[in-house]
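Per chain, numbering begins at 1; letters A, B, ... match sequence-line order. The structure presented is a predicted model; accordingly, all values stated were derived computationally and were not measured.
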There are 2 protein chains.
Amino acid sequence: MTKASDRAYAVIRTMILSGEIMPGAQISEEALARRCAVSRTPVRDALRRLEADLLIRRNTSQRVFVSEWSRDDIEDAFDLRAMLEAQAARRAAERVDADGLARLVAHNAAMGKAVNAPNPDIAQFLEHNRAFHEAVLDAARSPRLASLLSRLVEQPIIWRTAQNYNREHLLRSYREHEELLEAFHRQDGPWAASIMAGHIRRAFHVYLDACLRQVEDAA
Amino acid sequence: MTKASDRAYAVIRTMILSGEIMPGAQISEEALARRCAVSRTPVRDALRRLEADLLIRRNTSQRVFVSEWSRDDIEDAFDLRAMLEAQAARRAAERVDADGLARLVAHNAAMGKAVNAPNPDIAQFLEHNRAFHEAVLDAARSPRLASLLSRLVEQPIIWRTAQNYNREHLLRSYREHEELLEAFHRQDGPWAASIMAGHIRRAFHVYLDACLRQVEDAA
DNA sequence: CCATGGCCATTTGTATACAATAGAGTCCAC
DNA sequence: GTGGACTCTATTGTATACAAATGGCCATGG
């Protein structure tokens with residue numbers, strides 16, 4: 001996957017998520033092509049994908065702008081994500097096999113290790129957290145669910161605020177995953193769904209707080 | 001919207017939904033371009049969109065195939081659709097204004113008229129049914145929900161079987177919509193969600209029956 | 001008979017040129 | 001000064017040529 005259009009996708013996506021291009025700003029295919037050192041053709045390809053991800057929007061005449069996220073947008077996205085991830089957890093609990101369970105346990109153990117170390121390794125924690133949720137989605141065995149969720153998980157700013165999580169938040173995430181694992185072990189779909197819904201819901205509030213703090217910092 | 005890439009999108013989509021190209025069949029950009037009388041460039045554009053709609057899939061080397069729908073796939077899609085449309089109904093009940101309500105009432109009245117006529121007008125019924133669900137989605141005011149649902153509503157074969165609905169089914173749909181309107185009128189989100197979930201669920205079984213009948217016909 | 005390796009046909013990926021269109025600014029008439 | 005038409009520029013849309021990669025086929029050797 002070292003193709004030009006994949007590179008373009010990755011570059012543009014990072015520029016948007018990191019805030020390098022401001023929400024609401026117009027971006028031209030030409031400019032992006034120069035920035036990625038490829039022609040417009042792969043850029044157009046990448047833009048179609050980013051449009052499906054809802055990271056960009058097009059006005060009536062197809063000009064491209066970086067999506068803006070209002071407080072309502074964010075709440076809406078978390079609502080949907082909570083619902084879909086809960087459904088993923090329910091399905092996973094009913095379908096997970098020994099192998100899948102083992103991978104989930106491993107990822108969560110790594111998360112625990114990362115956060116309990118004398119110097120917590122946040123990057124490591126986040127990576128295993130991502131992998132854990134991905135493994136849940138795998139165990140759910142629903143390509144459609146996976147496709148829908150991929151449109152909701154990445155939001156701008158989350159990147160910039162992820163580092164703000166304190167040790168207490170990380171520990172709680174870890175423990176909620178532990179509980180999820182127990183629900184999986186007992187193949188209790190409804191229980192798993194409840195835990196996951198709460199887990200995402202809590203993440204929503206942490207996220208909101210982080211946004212607030214960021215606004216304060218800016219002032 | 002008379003652009004080549006939009007025409008290509010519409011043509012290819014229709015070919016897939018109508019079954020003109022079989023599920024699992026490989027389709028080449030070149031062949032589609034000839035079929036649509038445009039160059040490969042707009043075809044590639046259209047394929048990206050169809051990929052987001054899950055109507056096509058790509059193998060590891062990016063070759064394009066028409067998606068296949070197993071019984072599990074169909075059930076999965078309806079599960080998700082029931083969940084998301086229920087959420088749309090809940091939000092709509094809590095947010096709908098007089099204008100939106102009026103449009104919903106109008107569409108459902110048209111549905112009632114179409115099915116109660118001496119010669120039921122199925123096409124008319126289906127069109128207003130589509131418009132009704134779209135109006136619910138509008139009233140929900142969640143662009144994300146709309147974006148996710150658009151990926152689930154169209155499945156192959158549904159087109160071909162839609163004509164198989166009998167008058168009883170149509171009447172029940174009409175009455176369920178009536179009940180939904182009452183929930184909207186009372187701004188009762190949970191009630192609206194329940195009705196909608198059941199509504200989609202019932203449609204699922206009608207759909208399955210139609211598929212079965214089709215298999216019998218073929219034999 | 002099967003495995004393997006290389007060649008050829010098919011298919012997708014990228015660059016570029018040019019066409020079409022929307023937006024912005026300007027100038028003129030009123 | 002304001003409205004409107006016009007032009008000019010920025011931006012997207014399409015076609016085409018060529019490059020790269022994949023997959024199938026056949027020959028060759030074990």
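Listed pair Ser61(A) / dG23(C) meets the phosphate criterion, a side-chain N or O lying under 4.0 Å from OP1 or OP2. Note on Ser28(A): every side-chain N or O is 4.0 Å or more away from OP1 and OP2 of dA10(D). A close approach under 4.0 Å does occur between a side-chain nitrogen or oxygen of Ser39(A) and OP1 or OP2 of dA15(C). Contact between the side-chain N/O atoms of Gln62(B) and the OP1/OP2 oxygens of dG13(C) is found at a separation under 4.0 Å. Taking 4.0 angstrom as the limit, Arg44(B) places a side-chain polar atom (N or O) nearer than this to OP1 or OP2 of dG13(C).
Protein atom CZ of Arg58(B) is 14 Å distant from nucleotide atom C1' of dT22(D), rounded to whole Å. As rounded to whole Å, 9 Å separates atom C1' of dT12(D) from atom NZ of Lys3(B). Rounded to an integer number of Å, the gap from CG of Asn59(B) to P of dG23(D) is 6 Å. Distance OH (Tyr9(B)) to P (dG13(D)): 16 Å, rounded to an integer number of Å. The CZ-C1' distance, from Arg40(A) to dA17(C), rounds to 11 Å in whole Å. In this entry the distance linking CD of Gln26(A) with C1' of dT9(D) reads 13 Å, nearest Å. Rounded to an integer number of Å, the gap from Phe65(B) CZ to dT10(C) C1' is 12 Å. Here the P atom of nucleotide dT12(C) and the CG atom of Asp6(A) are 16 Å apart, to the nearest Å.
The nearest heavy atom of DNA chain C to Arg63(A) and to Pro42(A) marks one nucleotide each, and the one closer to the 5' end goes with Pro42(A). When each of Thr41(A) and Val64(A) is assigned the nucleotide of DNA chain D with its nearest heavy atom, Val64(A) is the one assigned upstream, toward the 5' end. Across the interface with DNA chain D, nearest-nucleotide mapping of Ala37(B) and Glu30(A) shows Glu30(A) to be the residue nearer the 5′ end.
Listed nucleotides: dT12(C), dA15(C), dT14(C). Nearest to the side chain of Val38(A): dA15(C).
Looking at every heavy atom in both residues, Val38(B) comes nearest to Ala4(B) through CG1-CB, 3.7 Å. Here the shortest heavy-atom pairing between Ala139(A) and Val96(A) reads CB-CG2, 4.0 Å.
For the side-chain hydrogen bond (donor to acceptor under 3.5 Å, both in side chains) criterion with Gln87(B), the lone passing option out of Arg91(B), Glu85(B), Arg90(B) is Arg90(B). Partner of His133(B) under the ring pair (Phe, Tyr, Trp, His ring centres under 6.0 Å) criterion, chosen from His107(B), His128(B), His199(B): His199(B).
A cation-pi arrangement is absent between Arg57(B) and Trp69(B) under the rule of less than 6.0 angstrom and at most 45 degrees off the ring axis.
Among the protein residues, Leu47(B) comes within range of no part of the nucleic acid, since none of its heavy atoms lies under 4.0 Å from any strand.
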